[in-house]
> 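For reference, the structure I am asking about is given below.
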Amino acid sequence: MKVLGIDIGGSAIKGAPVDTGTGRLLADRFKIETPLLLSPTEMADAAGMIAAHFRWRGPVGIGFPGVIHGSTILTSANLDKKFIGCDGIKLFSKVIGRPVALTNDAAAAGLAEMRFGVGRNFGGKALLLTLGTGVGSVLFFRGALFPCELGHLPMDGRDAEKRVAASVKNRKNLSWKEWGHRLGCYIDILEKILWPELIVIGGGVSAKHAKFFKYVKPRVKMVPAEFLNEAGIVGAALWAERERRG
Ligand code: BGC
């Protein structure tokens, strides 16, 4: 199936048509930087611009950085708070003019990694974390996915993502060692609670895994994601396909 995958992030919205049978992009991705917080209507317009760029007439999958129940967006930690309570499917499909499926951004990234990326032959319990503006999380077990909000676990008196997101490393100018140790403490907590058999680290920073994995020291195998910046786009498309098949 050919699906337009759109990934909404803290600093950009990007999309590309995806072949859901191979996980490959069918065209170069189109990205719109969003240095300022966009309102829901502005974000929907940006998603519409992506669909228009590809003259898209088919199904659309969107990954959003918040909790999604059904079609409702329940949280928006790093985007405009006006998203909270929005019917996301209505919001985006009205502007795009095509059927839209909506899921959490990390769940989307995880879908791509487990189907076509680093987790493709793994059937056990896997935890995928995305380290970007915030921290996204999703658990997989034998084909089932469970979107989580582990970035908001309390750590040192604040949300863990305010300590370990990649954006925090940049903002606070932390060395790889300092940040790697923080991440190690965080992952230690997660391992004690969840006991994953495999940990996948995604987000743009995973490309630099050689610089910080050595400080993390998890109990189980930890691997960088393979898709890097495309995971969210590919996974959003896979989610739309999954929703269509029911
Ligand atoms: C949000 C999650 C999202 C993650 C990564 C967190 O702040 O609460 O829903 O997956 O950021 O974007």
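Values below: all heavy atoms of this structure, side chains included; hydrogens, waters and symmetry mates excluded. Read the numbers this way: they start at 1 and go in the same order the structure lists the ligands and their atoms.
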> For ligand 1, list all ligand N or O to protein N or O distances below 3.5 Å, rounded to 0.1 Å.
{"from": "ligand 1", "atom 1": "7 (O)", "to": "N78", "atom 2": "ND2", "distance (Å)": "3.2"}
{"from": "ligand 1", "atom 1": "7 (O)", "to": "H152", "atom 2": "NE2", "distance (Å)": "3.3"}
{"from": "ligand 1", "atom 1": "7 (O)", "to": "E161", "atom 2": "OE1", "distance (Å)": "2.8"}
{"from": "ligand 1", "atom 1": "7 (O)", "to": "E161", "atom 2": "OE2", "distance (Å)": "3.0"}
{"from": "ligand 1", "atom 1": "8 (O)", "to": "E149", "atom 2": "OE1", "distance (Å)": "2.6"}
{"from": "ligand 1", "atom 1": "8 (O)", "to": "H152", "atom 2": "NE2", "distance (Å)": "2.7"}
{"from": "ligand 1", "atom 1": "9 (O)", "to": "G66", "atom 2": "N", "distance (Å)": "3.2"}
{"from": "ligand 1", "atom 1": "9 (O)", "to": "N104", "atom 2": "ND2", "distance (Å)": "3.0"}
{"from": "ligand 1", "atom 1": "9 (O)", "to": "E149", "atom 2": "OE1", "distance (Å)": "3.3"}
{"from": "ligand 1", "atom 1": "9 (O)", "to": "E149", "atom 2": "OE2", "distance (Å)": "2.6"}
{"from": "ligand 1", "atom 1": "10 (O)", "to": "N104", "atom 2": "ND2", "distance (Å)": "3.2"}
{"from": "ligand 1", "atom 1": "10 (O)", "to": "D105", "atom 2": "OD1", "distance (Å)": "2.6"}
{"from": "ligand 1", "atom 1": "12 (O)", "to": "D105", "atom 2": "OD2", "distance (Å)": "2.6"}

> Within the 4.5 Å heavy-atom criterion, are L198 and V118 side-chain neighbours or not?
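Not in contact.
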> Can you give me every donor-acceptor pair (side chain of residues 136-146, partner residue at least two apart or in another chain, under 3.5 Å) with its distance?
{"from": "S137", "atom 1": "OG", "to": "C148", "atom 2": "O", "distance (Å)": "3.2"}
{"from": "S137", "atom 1": "OG", "to": "L150", "atom 2": "N", "distance (Å)": "2.9"}

> My understanding is that only one of R29, E230, E33 makes a side-chain contact (heavy atoms from CB on, under 4.5 Å) with K14; could you say which?
R29
> Can you check whether P17 reaches K2 side chain to side chain, under 4.5 Å on heavy atoms?
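They are not in contact (no side-chain heavy atoms under 4.5 Å apart), so the answer is no.
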> Between F64 and F83 (judged by ring centroids, cut-off 6.0 Å), do the two rings come close enough to count as a pair?
yes
> Is the ring centre of W179 less than 6.0 Å from the ring centre of F212?
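That pair passes the under 6.0 Å test.
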